[in-house]
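Structure, as structure tokens:
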Amino acid sequence: METPNRTALVEDLMERFPHVPREAVIKEDLLRGGMAFDESALSGGADGSGGDVKPKSYFIFSFDHRTLPELGQAALNRPPEEIVLTGGPYELRRTVVSVRVNPDSPYRVKGDENGTLGLYLDGKRISDVGLPPMPEYYRHKLSNGKSVMEVAPTIQWGYLIYLTVFRVCQYFGAKEECQYCDINHNWRQHKAAGRPYTGVKPSDEILEALEIIDKYDTAKASTAYTLTGGSITSKVGGKDEADFYGSYAKAIEETFPRRWIGKVVAQALPLDDVKRFHDYGIQIYHPNFEVWDKRLFELYCPGKERYVGREEWHKRILDSREVFGARNVIPNFVAGVEMAEPFGFQTVDEAIASTHEGLRFFMSNGVVPRFTTWCPEPTTPLGKANPQGAPLEYHIRLLETYRATLEEFGLTSPPGYGPAGPGRAVFSVSSFMDSIPQGAEAEAATGA
């Protein structure tokens, strides 16, 4: 359980770190610890096509603090994909937050006596809550009956189309799986629940879903797509990782040339493979480095250490600048696992120092990482051992450190993430875009 009075901790951090937007303090606490929902605040629309609220799509990981069988109504009657916070006693500017369900969270989304939704902390209403409207394209099915949400869900308030085209990872089992990642379990739990959850998404389904999005997204809110999925250590459908993911990019770009910014999340691959991504039409490459510390990388990413190795992984990240340009190489790390027991750092100072070292390594080479706030999913080894995740202070100090390191090297936020600044950012799974001053963002990818 969280501390009895979470409000005191949150307000103390707001006071101690005035350069971090207060919106980011609340957002990071929701991302690291989750939120609870009154039944009346659940979205309905379990299949992603009914109702007025866009439901949670489980686009790659569960991002929940309980398994589906333990979520009760939140599994049967889905929560929204994201919420938006405004107003309240902290006068919050518009803040988009990815929904991570935790029935035991001190944060609860519920309606007041008039039915108006709000976010409550320790029983006190701290902000108004807006729900994402059901996009018109979610109301239309593919010719085979599949929903657009299942094939090509959108997140970040509609900005990003998230194409998880391979729903499992070939790093498998305790000796290979990343210790914080539940992609394989998320696949298993959805299949066990009888939900549609396509393992390998056929290219023609992707194109049909994108055609529906393109037709009905008349405001052109969808700006980028991400191609991703589990790591491929052998082959899928006779293709290695670069050709497998690249083939989708090729099909998309031939059908919808430059309609969206094309991004791929894949392993740090050899330069020839990286060139194939670029040749297929990808504009931004995300070879995620996961965690900076050498010992923790070896412990937490045993498959990646075994197949590639940390030093080679970093070398490949820097080498890929030759193909994409440094600005369009954007490795992610999982913020918070640095402090996971029993192997992680014991103090916030140590964890921040380590992560700062990693940020300086990449940013001094022109590469701007981004990060996802760690959600300790209960079926992962680190999540099971650390149900509370990392301390909120770590996340707030990371935002401060990240911004300072950007400024040290004269860099702006990475392209393909939409607007920056509190009240403007749409990136929903961490607050790094909320914490960067308005105007300090890259507006679009630039091909190299």
Side-chain angles (χ1 to χ4, degrees), residues 30 34-64 66 68-86 94-103 107-120 127-162 164 186 189-190 193-198 205 208-219 221-222 426 428-429:
L30 289 167
M35 62 188 83
F37 284 84
D38 271 13
E39 190 170 333
S40 61
L42 296 171
S43 71
D47 69 348
S49 61
D52 297 322
V53 176
K54 184 184 192 180
K56 181 167 175 168
S57 62
Y58 291 88
F59 52 90
I60 186 166
F61 312 117
S62 73
F63 281 135
D64 282 336
R66 298 288 185 275
L68 282 179
E70 295 170 333
L71 288 179
Q73 281 299 315
L76 302 173
N77 189 10
R78 294 193 191 200
E81 184 75 80
E82 294 149 334
I83 60 173
V84 66
L85 309 178
T86 53
R94 184 178 187 275
T95 305
V96 181
V97 188
S98 178
V99 165
R100 299 174 174 186
V101 183
N102 181 1
Y107 293 91
R108 178 169 288 273
V109 178
K110 64 179 181 179
D112 62 14
E113 61 274 9
N114 300 314
T116 305
L117 286 184
L119 179 67
Y120 291 75
S127 87
D128 296 333
V129 167
L131 301 179
M134 179 71 79
E136 179 61 30
Y137 49 78
Y138 267 24
R139 300 187 188 278
H140 299 267
K141 293 187 181 294
L142 277 64
S143 57
N144 61 9
K146 288 186 178 181
S147 69
V148 171
M149 185 182 79
E150 156 61 10
V151 178
T154 56
I155 59 172
Q156 296 169 26
W157 220 256
Y159 178 89
L160 180 67
I161 306 169
Y162 208 93
T164 312
N186 196 38
Q189 73 168 357
H190 280 262
R195 289 182 171 187
Y197 212 71
T198 309
E205 291 184 7
E208 188 178 355
L210 291 178
E211 185 178 0
I212 293 170
I213 292 174
D214 187 48
K215 179 179 179 180
Y216 292 103
D217 178 20
T218 54
S222 59
V426 295
S428 58
V429 294

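For clarity, every value in this text was computed on a predicted model and none was experimentally measured. No hydrogens, no waters, no symmetry mates; every other heavy atom, side chains included, goes into these values.
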Sub-4.5 Å side-chain heavy-atom contact between [X] and [Y]:
X	Y	answer
L71	P103	yes
V129	L85	yes
M134	P55	yes

Backbone N or O of [Y] within a donor-acceptor pair of the [X] side chain at under 3.5 Å?
X	Y	value
R108	G118	no
N114	T116	no
K146	V151	no
N77	L42	no

Minimum heavy-atom separation for [X] and [Y], please, with both atom names.
X	Y	result
L117	G111	CD2-N, 3.7 Å
N102	G34	CB-CA, 4.0 Å
G130	W157	O-CH2, 4.0 Å
I213	A152	CD1-O, 3.7 Å
I155	K54	N-NZ, 4.2 Å

How would you list, by chain and number, every residue that makes a salt bridge (charged side-chain N to carboxylate O under 4.0 Å, His left out) with [X], sequence neighbours excluded?
X	answer
R66	D104
K110	none
E82	none

Drop me the distance from [X]'s [atom1] to [Y]'s [atom2], to the nearest 0.5 angstrom.
X	Y	atom1	atom2	value
M149	K56	CE	NZ	11.5 Å
Y138	I212	OH	CD1	12.0 Å
H140	S147	NE2	OG	13.0 Å
L210	D217	CG	CG	11.0 Å
L30	I83	CG	CD1	6.0 Å
S222	Q156	OG	CD	12.0 Å

Let me see the working for Y120 and D38 under side chain to side chain contact (heavy atoms under 4.5 Å, CB included), right down to the final yes or no.
CA-CA 11 Å; Y120 291 75; D38 271 13; over 6 Å; no

Do the rings of F59 and F63 sit parallel, tilted or perpendicular, given the 30° and 60° boundaries?
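Tilted.
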
Assess the residue pair T95 and T86 against the criterion (side chain to side chain contact (heavy atoms under 4.5 Å, CB included)); give the C-alpha distance rounded to whole Å, side-chain angles, the decisive distance to 0.1 Å, and a yes or no.
CA-CA 7 Å; T95 305; T86 53; over 6 Å; no

E208 and S143: side chain donor to acceptor below 3.5 Å:
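There is such a pair between these side chains.
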
Scan side-chain atoms only and decide if Y137 and T154 contain a donor-acceptor pair under the 3.5 Å cut-off.
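Yes - a donor-acceptor pair under 3.5 Å links their side chains.
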
Test side chain to side chain contact (heavy atoms under 4.5 Å, CB included) applied to M35 and V97, step by step:
CA-CA 10 Å; M35 62 188 83; V97 188; 4.1 Å; yes

V84 and its side chain to side chain contact (heavy atoms under 4.5 Å, CB included) partner, picked from D128, V96, L131, V426:
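Of the listed options, the one satisfying the test is V96.
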
